[in-house]
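Structure first, then comments.
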Amino acid sequence: MSSANTLERIKRQIANNAVLLYMKGTPTFPMCGFSARVVQILDTLNTKYAYVNILENPDIRAALPAYAEWPTFPQLYIQSELIGGCDIVVELQQSGGLKPKLTAVSALLEAGPEAALANE
């Protein structure tokens, strides 16, 4: 896939998913501790979110850090805004700032967390 196509794909994913996590692995089988921690936080809040496994999408893994101006993974987006990586998500959770952001996009569920592949 060309880099222009990859960037368009990234833009569509971010635009089409209210809460989007670019991560290593999947929510069921995270492949790094940082991704696992962000999934744990989202799941604890019963969040509905989409994810992209960058290990299965090397084109996205290569292009997203430059596009986002954020060098590491995971990367959490809420309503097309880059929130940040694991440290920032943990800090927001501990300070009480994450839940209002998720509530604002109707991403909190009563029944429990729900993760799905990102819409494109």
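Everything numeric in this text was worked out from a predicted model, so none of it was measured.
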Check for a donor-acceptor pair, side chain of Q75 on one end and backbone N or O of T72 on the other, with a separation under 3.5 Å. yes
Are the side chains of S80 and I14 in touch, meaning some heavy atoms are under 4.5 Å apart? yes
Side-chain contact test, heavy atoms from C-beta onward, threshold under 4.5 Å: evaluate it for K11 versus Y67 and give yes or no. yes
Using every non-hydrogen atom in the two residues, find where [X] and [Y] come nearest and quote the distance to one decimal.
X	Y	value
L82	A68	CD2-O, 3.8 Å
C86	V38	CA-CG2, 3.7 Å
N17	A50	OD1-CB, 3.3 Å
S35	K24	OG-N, 3.1 Å
A63	L7	CB-CD2, 4.4 Å
N46	E110	ND2-O, 4.0 Å

Roughly how far, to the nearest 0.5 Å, is [atom2] of [Y] from [atom1] of [X]?
X	Y	atom1	atom2	value
N119	N16	CG	CG	6.5 Å
I54	M31	CD1	CE	11.5 Å
L42	I78	CG	CD1	7.5 Å
L45	L108	CG	CG	6.5 Å
L76	I83	CG	CD1	6.0 Å
Q94	I41	CD	CD1	7.5 Å

N53: what forms a side-chain contact (heavy atoms from CB on, under 4.5 Å) with it, not counting sequence neighbours? T26, L55, E56
Does L117 share a hydrophobic cluster with F73, counting links as ILVMFWY side-chain heavy atoms below 4.5 Å and allowing steps through other members? yes
E91 atom CD: more than 12 heavy-atom contacts under 6.0 Å: no
Give me each pair satisfying ring-ring contact (aromatic ring centres under 6.0 Å, His included) with a member in residues 81-113, each pair once, sequence neighbours excluded. none
Among pairs that include at least one residue of residues 24-57, which meet ring-ring contact (aromatic ring centres under 6.0 Å, His included), considering only residues two or more places apart or in two chains? none
